[in-house]
Amino acid sequence: MSETSEAYEAYSPSEMMIAASARQLGGVRNCFVGVGLPNIVCNLAQRTVAPDLQLVYESGVFGARPERLPLSIGDPTLVTGAIAVTSMFELFAYYLQAGLIDVAFLGAAQIDRFGNINTTVIGDYAKPKVRLPGSGGAWEIAIHARQILVIMRQGQRSFVDQLHFRTSPGHSGDPAHDASRGWWGSGPTSVVTDLGTYAFDEASGEMTLVTLHPGVTLDRVRENMGWDPKVSSDLGETLPPTDEELRLIREELDPEGISTK
Amino acid sequence: MSETSEAYEAYSPSEMMIAASARQLGGVRNCFVGVGLPNIVCNLAQRTVAPDLQLVYESGVFGARPERLPLSIGDPTLVTGAIAVTSMFELFAYYLQAGLIDVAFLGAAQIDRFGNINTTVIGDYAKPKVRLPGSGGAWEIAIHARQILVIMRQGQRSFVDQLHFRTSPGHSGDPAHDASRGWWGSGPTSVVTDLGTYAFDEASGEMTLVTLHPGVTLDRVRENMGWDPKVSSDLGETLPPTDEELRLIREELDPEGISTK
Amino acid sequence: MQDAVRELVRDGDTVSIEGFTHLISFAAGHEIIRQGRRDLTLARMTPDVVYDQMVGAGVAKKLIFSWVGNPGVGSLHAIRRRIEDEDPGPLEIEEYSHFGMVCRYVAGASNLPFFPIRSYFESDIPKVNLKIVPMRSPYEDGTEVYVVPPLRPDVAIVHAQRADANGDAQIWGLLGCQKEAAFAADRVIVVVEEVVDESVIRRDPNRTVIPSVIVDAVVEEPFGCHPSFAQGYYDRDNAFYVAWDDIARDPETLDAWLKEWVYDLGSHRDYVEKMGADRWGSLRPEPAPSGEVDYGRYA
Amino acid sequence: MQDAVRELVRDGDTVSIEGFTHLISFAAGHEIIRQGRRDLTLARMTPDVVYDQMVGAGVAKKLIFSWVGNPGVGSLHAIRRRIEDEDPGPLEIEEYSHFGMVCRYVAGASNLPFFPIRSYFESDIPKVNLKIVPMRSPYEDGTEVYVVPPLRPDVAIVHAQRADANGDAQIWGLLGCQKEAAFAADRVIVVVEEVVDESVIRRDPNRTVIPSVIVDAVVEEPFGCHPSFAQGYYDRDNAFYVAWDDIARDPETLDAWLKEWVYDLGSHRDYVEKMGADRWGSLRPEPAPSGEVDYGRYA
């Protein structure tokens with residue numbers, strides 16, 4: 001913790017994404033965790049801004065306390081020492097559909113300006129160029145969690161003007177319609193990429209660039225998305241990872257650098 | 001077992017009902033047990049004609065092996081040493097509604113000639129003369145179990161021409177309609193009273209006297225029911241309880257005579 | 001318990017004290033009586049003696065149930081007087097079959113607007129309860145079912161064998177519909193025989209029935225289910241169930257019982273003391289351990 | 001296992017080998033491959049490597065699923081080749097979200113003609129799967145839901161940690177939807193790490209997930225879930241999941257793997273032996289006992 005050399009400070013884009021995401025979990029009670037980056041994000045938040053954060057996994061685990069970095073959302077380390085393990089019916093019906101989940105994470109192969117997400121196919125559904133995994137729990141998570149954080153690298157192929165398939169819905173572009181849906185959530189509330197962080201504009205429901213990561217230009221953001229992005233009137237710079245955040249990521253959460261390279 | 005004195009042979013009407021009912025469980029795999037007489041019936045059957053009989057209780061117990069005579073269907077003695085304990089949702093949904101139950105027992109405050117049953121009120125529903133317990137699991141049992149045994153004493157007030165309230169359905173009187181219902185069962189298949197045993201006629205769905213218990217006359221049966229009963233063309237006499245059946249009832253199953261007086 | 005009931009149970013609430021013969025929180029029922037709550041809608045599959053006591057004490061205006069009786073004994077006389085004779089006043093009722101009640105809780109717990117079941121055909125029940133309505137499957141077979149609406153109690157009170165201080169509760173033995181009722185409710189009170197360290201809960205996470213995320217209060221109340229039972233802790237006090245039949249038959253005896261065993265006592269602790277150590281000793285079963293399983297340490 | 005598959009799995013059947021990352025019966029999948037079953041419809045929430053192997057071996061004509069991938073690794077290449085390039089032939093697919101799949105099993109297990117869920121709004125999924133249809137609540141609120149049809153597999157294959165000889169099976173750790181799939185199926189094969197005496201099961205009845213009444217065959221097959229895991233018995237063999245990515249990418253490598261590890265072996269016992277004691281030793285976790293609870297003896 002006392003070491004703050006320049007080398008230490010040369011953080012990776014993943015580390016920036018993790019730190020920026022974890023800070024968004026301040027005060028959150030429980031979080032539906034995906035594997036990979038979201039898992040590290042939640043564990044970092046638990047050690048920094050959200051000490052009481054309960055980790056919930058779609059595999060049926062509530063209050064996990066993993067002794068190692070889980071390799072999948074069904075890793076046995078999530079079960080041993082957890083508060084509760086339940087059937088998937090109960091997890092989806094009583095926790096997720098009932099609105100008990102505060103925050104969840106989603107990834108995507110494609111996302112559009114309203115936070116609609118495609119995890120199903122690239123190309124035509126009947127004869128796809130690439131068959132992706134499909135919904136899994138993503139549909140349910142997208143709507144039933146009260147807040148959704150999306151963590152993904154951005155680029156022309158992933159931040160698209162037109163999805164090839166809409167797996168789960170985001171904002172409709174019509175706030176009156178969004179409000180009338182009666183869902184617990186309403187699609188992504190925040191997107192963190194390797195270039196910056198985005199929120200969704202209340203009036204239009206459109207993804208809006210809020211901060212640029214240190215050293216990233218607006219032009220570089222534009223080059224890496226398929227539409228001309230809405231930019232916040234007070235566009236800021238993301239605070240870089242602190243030494244403590246980096247220490248936790250590197251020494252405790254991902255010492256082998258599996259997810260943070 | 002060697003004792004067969006006359007005193008021993010002077011069985012009670014309840015003992016006759018128990019023995020006659022237990023014999024109907026020959027070869028049955030599992031049985032949905034109520035408390036009181038049905039409980040003794042099932043335990044007697046397990047020790048005589050149905051050694052592999054699994055006892056299922058609506059409280060959520062499968063494969064109970066009670067060490068004492070249970071005082072209710074939720075007695076803790078049913079849980080300790082059982083094969084499985086499940087939530088009531090699963091018991092009703094996955095066992096009963098799914099058609100896994102071979103035989104169940106029903107009691108009734110009133111029964112009519114088609115096996116329709118009233119366990120709800122005597123008198124008018126809104127202003128009842130006697131408020132009875134209501135359905136409990138009876139509706140589900142009546143239709144989802146493949147066979148239904150009714151055990152009850154008969155009399156003018158219980159074997160009625162017109163129910164005050166139909167809690168659960170029996171045969172409709174129209175076999176074509178019965179077949180079209182698509183239910184696992186179709187109301188009571190057998191009734192055992194203190195006077196005789198009844199089956200239900202396939203063509204008319206009507207309760208039909210099959211045997212008279214030893215010493216009971218047809219007139220006595222007629223005096224104790226609210227309609228003129230259909231009588232089987234080969235009306236027989238119920239075999240009296242055997243010494244072994246009486247010994248099991250008196251020495252093992254109900255030594256204090258709680259249910260068999 | 002005083003604090004939990006004071007803060008979480010309000011006049012006019014719909015209250016579910018669940019537990020199918022097992023783990024019925026009489027202690028909570030008595031505290032609700034003591035605090036003089038009024039106009040409650042009492043929901044429970046099987047009202048049992050606890051609701052007869054509460055109805056007898058005048059806390060309830062309505063009953064939602066599927067089987068109203070003294071299990072293994074007979075009738076609940078205070079409730080019957082209200083229904084049959086409107087004595088001392090009418091009691092609104094809304095009744096289902098067991099599976100209907102369970103599915104109402106499941107719908108409430110799952111945030112579903114209705115729940116389909118294959119019950120109620122050719123019965124008079126839907127004629128007297130218009131909330132039970134027929135519906136056709138939208139698939140080709142067009143199968144007919146009935147649906148029941150969600151039940152979302154304002155408060156669910158669940159007794160468990162043990163919980164940690166946050167309310168993560170474990171139950172073994174009969175499970176009834178406590179999990180469903182708790183998830184369906186706005187507020188949840190967990191009452192336990194023993195508050196245990198969180199590490200005890202975490203050693204066997206599959207045993208956890210109710211997670212702290214839905215729990216508003218945790219109360220340790222040993223023997224809090226008496227005269228019902230807690231598997232492994234004490235037996236059902238059948239003599240009490242039998243005695244209740246006589247007590248409740250006469251309103252004056254009932255009032256005297258309430259005075260002696262509820263109003264004149266400050267808490268369930270006083271009740272336990274008054275009942276006496278011999279009574280508790282006689283209800284204690286011999287041990288029957290479950291055996292252990294191994295979750296494995298994956299570090 | 002040979003007998004169970006021979007007698008209970010037939011060409012053209014719908015087969016569910018369930019288990020969410022945990023307790024996936026690879027041993028049964030391999031035996032189905034060995035016995036050359038054809039035209040199976042394979043149902044599973046997450047097809048996982050076992051279905052990639054089965055599809056690669058040509059046993060399947062259709063897949064019903066909610067997430068098709070190699071968890072934590074990437075793609076299932078044999079399945080992707082069939083879907084993307086119809087290589088070596090087309091593979092019919094029918095897809096849901098996770099909760100949709102679970103509810104299909106719940107409907108099947110409960111004998112319900114449909115099951116309502118609050119999923120699929122404003123998604124393209126119902127456009128490509130016409131079995132998912134919208135429905136309105138019959139109550140005043142008129143809330144819209146979607147419904148999914150029951151899934152009733154011809155055969156469900158469930159791996160459990162232990163069962164008695166009748167098939168009363170106990171599972172701890174992740175429960176997935178094995179109970180629902182088993183109750184929904186016509187025929188059930190239970191595969192276990194250990195067959196135990198009935199008394200072990202009866203000591204902890206709340207732990208029982210599948211009762212013998214629905215079980216058609218019980219097979220003892222230690223390490224039968226490899227490369228998936230059995231909580232408390234062995235870890236997930238992640239190296240295998242990673243290696244599978246390369247194996248399945250090339251049809252020839254895949255065929256060679258199937259020859260070496262499935263066709264040329266007589267049984268899963270040979271597989272266990274061939275894998276070697278070191279491999280199994282490396283996957284064994286340290287103990288983490290559950291602790292005991294007391295059911296009490298009520299005699």
Side-chain angles (χ1 to χ4, degrees), chain A residues 28-32 51-57 59-104 140 143-146 181-185 252 255, chain C residues 102-103 105-113 115 150-153 156 160 162-171 175 177-186 188 190 196-216 292-299:
Chain A
V28 169
R29 284 190 320 166
N30 68 65
C31 184
F32 210 75
D52 296 326
L53 186 68
Q54 295 277 24
L55 308 183
V56 187
Y57 290 81
S59 50
V61 180
F62 176 79
R65 192 174 277 176
E67 282 203 81
R68 68 181 185 203
L69 193 71
L71 291 165
S72 86
I73 53 170
D75 194 300
T77 194
L78 298 173
V79 166
T80 307
I83 284 289
V85 175
T86 184
S87 73
M88 292 188 77
F89 175 74
E90 287 173 11
L91 202 277
F92 276 92
Y94 299 171
Y95 289 77
L96 199 49
Q97 188 165 268
L100 291 181
I101 301 300
D102 293 335
V103 178
E140 284 86 13
I143 295 311
H144 298 321
R146 289 167 192 256
R181 284 158 153 177
W183 301 344
W184 300 115
E252 291 189 19
Chain C
V102 172
C103 290
Y105 285 126
V106 172
S110 310
N111 184 32
L112 282 173
F115 202 92
L151 179 54
R152 296 196 181 93
R162 67 188 185 191
D164 61 29
N166 298 318
D168 300 295
Q170 299 191 327
I171 293 178
L175 302 172
C177 59
Q178 284 98 308
K179 176 186 276 199
E180 293 78 7
F183 274 96
D186 266 4
V188 176
V190 164
V196 296
D197 192 80
E198 193 179 307
S199 64
V200 174
I201 303 297
R202 288 189 183 271
R203 281 168 74 189
D204 196 357
N206 283 105
R207 192 83 75 189
T208 306
V209 171
I210 293 172
S212 51
V213 65
I214 60 168
V215 175
D216 297 280
E292 290 196 282
V293 301
D294 184 4
Y295 279 90
R297 193 175 164 211
Y298 296 86

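Throughout, a chain's letter reflects where its sequence line sits, starting with A, and its residues are numbered from 1. Values reported hereafter were calculated over all heavy atoms of this structure, with side chains retained and with hydrogens, waters and symmetry mates removed.
Highest contact tally toward chain C, considering only A:Asp75, A:Ile83, A:Thr80, A:Thr77, is held by A:Ile83 [criterion: heavy-atom pairs under 4.5 Å]. Annotation: maximal heavy-atom pairing with chain A below 4.5 Å, among C:Ile201, C:Val213, C:Asp204, occurs at C:Val213.
Looking at C:Val209, there are no atoms closer than 4.5 Å to chain A (heavy atoms on both sides), in backbone or side chain. Only the side chain of A:Gln54 comes within contact range of chain C, judged by heavy atoms closer than 4.5 Å. Residue contact with chain A, scored on non-hydrogen atoms closer than 4.5 Å, is absent for C:Ile210. For C:Asn166, no part lies under 4.5 angstrom from a heavy atom of chain A.
No side-chain heavy atom of C:Tyr298 sits less than 4.5 Å from a side-chain heavy atom of A:Val79. Using a 4.5 Å cut-off on side-chain heavy atoms (C-beta onward), A:Tyr94 and C:Lys179 make contact.
Nearest heavy-atom pair, A:Gly81 versus C:Arg202, reported as atom, atom and distance to 0.1 Å: O-NH1, 2.8 Å. Here the shortest heavy-atom pairing between A:Ala82 and C:Pro205 reads O-CB, 3.3 Å. Pairing each heavy atom of C:Ala109 with each of A:Ala98, the nearest pair is O-CB, 3.2 Å.
For the side-chain hydrogen bond (donor to acceptor under 3.5 Å, both in side chains) test, residues two or more places apart in sequence or in another chain that qualify with C:Thr208 are C:Gln170. Under the rule for a side-chain hydrogen bond (donor to acceptor under 3.5 Å, both in side chains), A:Asp52 has no partner lying at least two apart in sequence or in another chain.
Atom CZ of C:Arg297 has 12 or fewer neighbouring heavy atoms from other residues, nucleotides or ligands inside a 6.0 Å radius.
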